[in-house]
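I have placed the structure first, in the form of structure tokens, so that the comments after it can refer back to it.
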Number of protein chains: 2
Amino acid sequence: MEKVRIGVIGLGMGAMHAKYIADGEIPGAELTAICDLDESRIAYWRDQWQDKVAYFTDAEAMMDSGKVDAVIVATHHYLHPVLGKTVLEKGLHLMVEKPAGVFTKNVRELNELAEQCGKVYGIMYNQRALPLYQKLKDLIDSGELGELKRTNWIITNWYRSQSYYDSGGWRATWAGEGGGVLINQDPHQLDLWQWICGMPKRVRGFCYYGKFHDIEVEDDVTAFVEYENGATGTFITSTGETPGTNRFEISGDRGKIVIEDNKLTFWRTRVSEREFNATFKGGFGQPESWKCEVPIPEGDKSKIAHRGITANWVEAILKGTPLIAPGVEGIRGLSISNAIHLSSWTNDWVELPLDEDLYYEKLQEKIEQSTFRKKVKEVVSSDLQNSF
Amino acid sequence: MEKVRIGVIGLGMGAMHAKYIADGEIPGAELTAICDLDESRIAYWRDQWQDKVAYFTDAEAMMDSGKVDAVIVATHHYLHPVLGKTVLEKGLHLMVEKPAGVFTKNVRELNELAEQCGKVYGIMYNQRALPLYQKLKDLIDSGELGELKRTNWIITNWYRSQSYYDSGGWRATWAGEGGGVLINQDPHQLDLWQWICGMPKRVRGFCYYGKFHDIEVEDDVTAFVEYENGATGTFITSTGETPGTNRFEISGDRGKIVIEDNKLTFWRTRVSEREFNATFKGGFGQPESWKCEVPIPEGDKSKIAHRGITANWVEAILKGTPLIAPGVEGIRGLSISNAIHLSSWTNDWVELPLDEDLYYEKLQEKIEQSTFRKKVKEVVSSDLQNSF
């Protein structure tokens, strides 16, 4: 294969992917097909691309057309694993938008299929391709921070107004999205949190539903977690605060790292704290530490964010390059998200790995018991294509 | 009364108070007596002050001596409310060091006595007399931040080494201190948190006992709270991290305030978020906000911190000036502290006001069931007088 022929399903978020591929920004890739249920969207893009691309309103027809080697699934969340399975079953390579799905039960089935079929399966965790988080992961993985003691992510800069929620009937409903800030806004942070710090072993979640908005799902969440080594963590998020905060602090044996305002600061102790603790004899006192401003490379535009993830996926298809964001890892952040919900619903700890059947059952209850009726209003101006 | 004659009980922390009073730094006050069980401490100060001051090893003897009008109790925590009651019963004015006590049951008895007896009862919440927190309280009380949505205090800069804990047999034991970081290091922050943001209505605490040190009490804590108006909060603290963090973030209807590095920054929205949420029609979008660096007055040295609290107490005795830190308010921060412990012990929510009898009972169990035997070691150099 010289060029990977890509089809995109879902032209909300998917339109961005389709466009940079069509514009030739991904080496080794060409956009050959797009698909959406909404004919007006198709018409819009047909106007731009004419017969350079094939147009579909039926996803399977696109997969069966012989025009695509690989498919990006950028539909509503619930369909990600469903369409994902069809893509793999048809022998095509797969990229899914985040989240991997709404509940882990069918995401696990997709993962099992992916592991058998040998096709390249990636997930659009574009923030893994940001130099800032790659540097942080490097510092943790290489042991610069030492053994972790605590993680704390305040990610409250996902402000959304009522008008945003009113812009789509499916938004922020149990049936339409399967959750609120956890499932729509936070998947990147939940993934980065586990990618960098590892999976927690148990979770205590506190979710508030429709607290700041007229919606039925959560818009305010605090979660507390414990890790295998005894470290603990908190994750605080909301769509009701403005201006919010995005501050990720990790403390370890060799000091602490804080990411805020796109800067990485490492307060590095000169010696190991555990060693200091064991040997110091002076009563009050602590290890000398240095405030280090760690440089973050700017990065090659074609290798960062969405384009970086897509380019890496295409390279994996063409040359076997390892994936930055393997699709099978999408279940991890989703497990944390599901565990936070479940803990809130049961008012108790949730152990990981999650009881998938219980989560699925409780989610169905939410959907069935929903009495919420959305009043969808016209939005004056909204650039949802740029949502991420 | 022209001058308030002050006696100090307990010459660990109390020595600092005794010294600035003896040095004439508190207008209207004179140091007339000091008391400690440890004769070597008495001898040390007798050497300095000769017959300017009376010396006691028996607290009641000092109270009965006719040489003091007012007493500062700066003993071990358990004795604060016990000695406090005796001071008031003997018709003297009272200042207790923080914490007000170890459990709220006897602190409440002291409060009831104080409300009957008409003597001036203060508590050494010296951080209430810092311009930084006074400014923050002013901004909240005057409504500049609007209704509160979330509070988050990361106060992990209480690093202590094993050597500190080994410096006293009573330290960090259930019998000697009745707790760890919550009861020894955090009382100021727990008080400021409630002084500025109000009391929570329920608490979920996660405490880890002897996690970073060879001690039996908690040295790592995360607490999650809910307030009456639906706001939530977190309080994260430890003595095992270095360099730690002291960052207090409060978000409200008009933006957010962050205190860190002794600076107060107010991200102020131009309009109310609740109003914006209700009226904005544009889908994505949020209120304009301005990053405001709020000036903190330097403050008159005699009116800030410990000296400020003592001077205010003396003024209250002489002129009826309102107290900055009324003793009866000491029970509030202690209630939060007790609730965090109790929630951790029962693995459940704790409602406030606290079930005081249950807390007392559980604390007695901890004391009785303690199998921890401390190895007290000599500390090479330790300046515990400067502990605060």
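The structure presented is a predicted model; accordingly, all values stated were derived computationally and were not measured. All heavy atoms count here, side chains included; hydrogens, waters and symmetry mates do not. Note on naming: letters A, B, ... go to the chains in the order of the sequence lines (proteins, then strands), and numbering restarts at 1 for each one.
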(message) Minimum heavy-atom separation for A/Gly255 and B/Pro243, please, with both atom names.
(response) CA-CD, 4.0 Å

(message) Is A/Thr245 in contact with chain B via its backbone, its side chain, both, or neither, using a 4.5 Å heavy-atom distance?
(response) both

(message) For A/Asp220, which atoms come within 4.5 Å of any heavy atom of chain B: side chain, backbone, both, or neither?
(response) side chain

(request) Identify the two heavy atoms, one from A/Gly283 and one from B/Ser163, that lie closest to each other, and give their separation to 0.1 Å. (result) N-OG, 2.6 Å

(message) For B/Tyr159 and A/Phe276, take the angle between the two ring planes, folded into 0 to 90°, and tell me which bin it lands in: parallel under 30, tilted 30 to 60, perpendicular over 60.
(response) tilted

(message) As an exercise, state the distance from CD of B/Glu249 to CZ of A/Arg247, rounded to the nearest 0.5 Å.
(response) 9.0 Å

(message) I need the B/Thr234 OG1 to A/Phe235 CZ distance, nearest 0.5 Å.
(response) 13.0 Å

(message) Please check: side-chain N/O of A/Ser161 versus main-chain N/O of B/Asn277, any donor-acceptor pairing under 3.5 Å?
(response) no

(request) Heavy-atom distances under 4.5 Å only: say whether A/Thr242 touches chain B with side chain, backbone, both or neither. (result) both

(message) So, applying side chain to side chain donor-acceptor pair (under 3.5 Å) with A/Glu241, which one of B/Arg150, B/Lys256, B/Gln286 is it?
(response) B/Arg150

(request) Could you tell me which portion of A/Arg268 (side chain, backbone, both or neither) has an atom closer than 4.5 angstrom to a non-hydrogen atom of chain B? (result) neither

(request) Could you look at A/Asn347 and say if it's the side chain, the backbone, both or neither that has a heavy atom under 4.5 Å from chain B? (result) side chain

(request) Would you indicate whether A/Asn262, at its atom CG, is surrounded by more than 12 heavy atoms from other residues, nucleotides or ligands within a distance under 6.0 Å? (result) no

(message) Would you say that B/Arg274 contacts A/Phe212 through its side chain, given a criterion of any heavy-atom pair below 4.5 Å between the two side chains?
(response) yes

(message) Can you tell me which portion of A/Ala223 sits under 4.5 Å from chain B's heavy atoms? Options are side chain, backbone, both or neither.
(response) neither

(request) Please round to the nearest 0.5 Å and tell me the distance separating atom CZ of B/Phe284 and atom OH of A/Tyr164. (result) 5.0 Å

(message) As an exercise, state the distance from NZ of B/Lys149 to OG of A/Ser238, rounded to the nearest 0.5 Å.
(response) 7.0 Å

(message) Using heavy-atom distances under 4.5 Å, tell me whether A/Tyr208 contacts chain B through its side chain, its backbone, both, or neither.
(response) side chain

(request) Output the distance between atom OG1 (A/Thr222) and atom CG (B/Asn152), rounded to the nearest 0.5 Å. (result) 8.0 Å

